[in-house]
Amino acid sequence: MGSSWQARLTKVTSNKELTSFLILAALLLVVFPLSMGIFRLNLVGKYLTYAFVAMGLVISWGYGGILSLGQGVFFGLGGYCMAMFLKLEASDPVATAIQSTPGIPDFMDWNQLTALPFFWVPFKSLALSLIAVPLVPALLALLVGVAMFKRRVGGVYFAIITQAIAAILSILIIGQQGYTGGVNGITDLKTMHGWDIRTDSAKYVLYFVNAFLLLGAALVTTGMLKSKLGRLLVAMRDKEDRVRFSGYDVANLKTFAFVFAAVLSALGGAMFTLQVGFMSPSFVGIVPSIEMVICAAVGGRDSVLGAVYGTLIVNFGKTFFSERFPELWLFLIGALFIAVVLVFPNGLAGLNREGIRKSWSGARKRILGLRDRWRRSSSSDAMPPAVKQDVKEAMR
Amino acid sequence: MSAAADVVNDFVLSVEGLTVSFDGFKAVDDLSFYIERDEVRAIIGPNGAGKTTVLDLISGRTRASRGSVTFSGKELTSMREHEIVRAGVGRKFQTPSVFESLTVFENLEMSYPSGRGALTAWAFRRTPKVIAKVEEIAELIDMKDRLSEEAGQLSHGQKQWLEIGMLLIQEPMLMMLDEPVAGMSVGERERTALLLKRISKGRALLVVEHDMEFVAQIANRVTVLHQGKWLAEGRMETVQQDPKVIEVYLGH
Amino acid sequence: MTSMSDLFSILIMQGFNGLSSFCVLLLMALGLAIIFGQMGVINMAHGEFLTIGAYTTFVLSEVSQRWAHWMQGSYFIVAVAVSFVIAAAVGLLVEHLMIRHLYRRPLDTLLATWGLSLIMQQIFRSTFGAKEVSATLPDWLMGSVQPTPTIDIPINGLLMMGLTLLMTMIVFIGLFKTRWGVWVRATTQNRIMAGAAGINTRKIDRYAFGLGCGLAGMAGAAFTTIGSTGPTSGSMYIVDTFLVVVFGGAQSLIGCIASAFSIAQAQSTAEFFLTGSTAKVLTLLTVIVILMLRPQGLFSIRVRR
């Protein structure tokens, strides 16, 4: 019995892919829990929630070719849905007896609200909240996707618009203190359906739930990429017109990739809220969104597992450097953006795939190429390489 | 002409009064022509005559300013590109447009007319029926032994054939080919001519080409365009002797 | 009880209130329109060039305060010019080192320039400290003129207006009336032919980028009259600037001006009636909706698809 499921699995994935997956699984499920205390493990769990977003970006950006600089929106929406449920549970009339209006969250009371706003009411139910976590972001992504892709708004314009959307949501949340908890977010979360999420044992459980969800998401995502849909996404990224003229509605496909990424991000957000115990608008805006992009880029924008590694590395680096050398950290991450674009476009996964030596020689070539172009550019007689390229293309 | 009349006359494609202008420049001007079943129609004309634009208009890539394009009773000018493809119109581009990083098999499979939505594509299974169809088409375009080769590794001519294969697997009623033999050797042109003659049974072919010998080999009728307007039409011999056509070609 | 004429005065003053920030926005947008509209390059560090100009003005202000007291009245005009020069110089350097490798890859340019902006912000922080600083404005810039008893127009607003008008005219004349301008427009419209015609497109790109950054530096000098300068001052303007450029049609300079005007006015009028954040959200939303309906911007001509 054991050999048959392995055989089936190997038919779908290659041996190398299976090994990579098992290594990651071992790392998350065995190595980390055994080698870290609960405090650090909880931190890793936090990073793993960002990995959901990075994984989504692998689909929408790496495979679909659409760069969204506003994934924090979906992470935040998922997180807020979960936070709203947990906050309501923590704000039962007994616990909030000292408020002017007991039974509503404390920040509402501070803002002189006297009743629960209508859109909070569904979150009294665990079932509805769990449904809302993926559904609300998916609906927003669907709306944005249909509006943008049917009109062929893509590339850079789309990226800027997603930034604007992230800015809007973040401003809205901060501005509507009474309804959303404002800039501090929703805090003081205690129990989920009676179960105390603040205890160490709860954090262990949540870590494992998170890790399993992430690994499961990786499996589902990889499965999707191996289907015709995955090949379609790659084809669409490289030759959109040909895909269209083979009878496919490209707008639909792009919207699907975008919604898929949104749902993954939302899952991450919800797990974040559970593990860390709060959600705030500082995860929604432009800056956190672009950090998630760099995680995907470092891991290799077209590698599902790379997304996880990339997120772990960037976040470990961030914690390490901002504690000890805070000034250095911003330099480093800025340089990382530039390096990933100019020298290592395929990230860690590229290194892994081509082997370190080959990747290094590739990178060396690129760096030397850069240096040669610096030198050549001083002489203006030489035909600029970009023009050469244009002429070549025109003559093809 | 109504759709009923189309059925009576068996026109696969009716183009009437087709016009498109870009900022005042009329790329295609009041063009009309009709293509029948089993016909191979060539569109020729000097450079800039608007030939590729006509294909763009029919396939939905460019929106017409005026006029109508009727295909098997459907009005194409109001449909989107993928809808036109699904209705049965296939288009091959001037420069070979295949999916370079996929294999020949996957390229053909990609064009297989099922699993065309996002979710249905995810659920699409490579059934024996699909495999048989892909192999059948591969046989037709003489690529059966190259099924697992990466498309990017094919020669220019082979990519053209692959693209034709990708159209064929959709079973279109109308196939539009833009310069199918550009860049091909003499031998490849011969094979392409045979291929096109074979596949024109039961459907209509619309070919834009510069190579007059090739056109003479495969086309039943020829439509000549000049500066976006209809200039002449008929069998190749007739058209070649038309003084208007001679002037237009030699005058350049 | 506010009468009609009082209301009118309030509206006028409200209009002029937004004037200085409109000027900053316009200068930024002009610079970005040149870089993005003409070259297709997304410079997410554009805001940091504003900050360069602002800090330059601050430095000159300090110099005039501490040593060159004779400069106290006149330094500001000098600062405007110097801000342009320094920002343009840095822009030329950046283009040479980084931008020109990324011309065909707009999304990658976006990410790389974001990284650059982080680095620049950190440089500012390390050099000038994280706290905000202010340039001491010369006396003649303070105060206002009063054309009528009820209307108060700040002088620095007028100066900004004049400066912006001047730069706008210079850019227009430069682009449409000089040989250099012809080169730039030729490169934008048909790079290959321009190269074949002997135009050094690389040089054009570099100088266009430098010019765009210089304009942002100028915006920075103007910015010191409305607020204090910190390492992240420029990043406040970046999304707005992009929206202005895209809204007006990236390739249309007139569209740029009209769009900057509408967006700045819409925001300051909206701020009058709503809270600051809601006004911003409303403006952003409107722009997004309009962009969705007309992706090529409001003022661009129809291009062959």
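Proteins come first, then strands; the chains are lettered A, B, ... in the order of their sequence lines, and each starts at number 1.
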**Student:** Between A:K239 (side chain) and B:V98 (backbone), is there a donor-acceptor pair under 3.5 Å?
**Tutor:** yes
**Student:** Would you name the heavy atoms of B:V85 and A:F245 that are closest together and state the gap between them?
**Tutor:** CG2-O, 3.4 Å
**Student:** Might you point out which heavy atoms bring A:V234 and B:S101 nearest each other, and give the distance in Å?
**Tutor:** CG1-OG, 4.2 Å
**Student:** Sort out for me which of B:E106, B:R86, B:M110 touches chain A most, counting heavy-atom pairs under 4.5 Å.
**Tutor:** B:M110
**Student:** Look up atom CD in B:E83 and atom CZ in A:R244, then write down how far apart they are to the nearest 0.5 Å.
**Tutor:** 12.0 Å
**Student:** Could you have a look at A:L253, A:L232, A:N252 and say which one has the most heavy-atom pairs with chain B under 4.5 angstrom?
**Tutor:** A:L232
**Student:** Using non-hydrogen atoms only, which part of B:L167 is less than 4.5 Å away from chain A: side chain, backbone, both, or neither?
**Tutor:** side chain
**Student:** A:D249 and B:R116: side chain to side chain contact (heavy atoms under 4.5 Å, CB included), yes or no, with the steps?
**Tutor:** CA-CA 8 Å; A:D249 187 349; B:R116 279 177 159 160; over 6 Å; no
**Student:** Quick test of your reading of the model: are B:E81 and A:R152 salt-bridged, counting only N-O distances below 4.0 Å?
**Tutor:** yes
**Student:** How far apart are the closest heavy atoms of A:K228 and B:Y112, and which atoms are they?
**Tutor:** NZ-O, 3.7 Å
**Student:** Considering all heavy atoms of both residues, which atom of A:Y248 and which atom of B:H82 are nearest to each other, and what is their separation?
**Tutor:** O-CB, 3.2 Å
**Student:** Any chance you could lay out the side chain to side chain contact (heavy atoms under 4.5 Å, CB included) test for B:R61 and A:D241, step after step, and finish with the verdict?
**Tutor:** CA-CA 9 Å; B:R61 201 153 182 243; A:D241 258 353; 2.7 Å; yes
**Student:** On a heavy-atom basis, which atom in A:S227 and which in B:A121 lie closest, and how many Å separate them?
**Tutor:** OG-O, 4.1 Å
**Student:** At a heavy-atom separation under 4.5 Å, does B:R80 approach chain A through its side chain, its backbone, both, or neither?
**Tutor:** side chain
**Student:** Could you tell me which portion of A:K150 (side chain, backbone, both or neither) has an atom closer than 4.5 angstrom to a non-hydrogen atom of chain B?
**Tutor:** side chain
**Student:** What part of B:M166 is in contact with chain A, defined as an atom under 4.5 angstrom from a non-hydrogen atom: side chain, backbone, both or neither?
**Tutor:** side chain
**Student:** Tell me, for B:L119 versus chain A, whether the close heavy atoms (under 4.5 Å) come from the side chain, the backbone, both or neither.
**Tutor:** side chain
**Student:** If you count heavy-atom pairs within less than 4.5 Å of chain A, which of B:F93, B:W122, B:F99 leads?
**Tutor:** B:W122
**Student:** In terms of heavy-atom contacts, does CZ of B:R66 have more than 12 from other residues, nucleotides or ligands at under 6.0 Å?
**Tutor:** no
**Student:** Give the C-alpha distance, both sets of side-chain angles, the deciding distance and a yes or no for side chain to side chain contact (heavy atoms under 4.5 Å, CB included) between B:Q170 and A:S246.
**Tutor:** CA-CA 8 Å; B:Q170 294 166 6; A:S246 298; 3.9 Å; yes
**Student:** Given the rule in the salt bridge (Lys or Arg N to Asp or Glu O under 4.0 Å) test, do B:E109 and A:R231 qualify, once you have shown the distances and angles that lead to the verdict?
**Tutor:** CA-CA 10 Å; B:E109 183 190 42; A:R231 292 196 286 278; 2.8 Å; yes
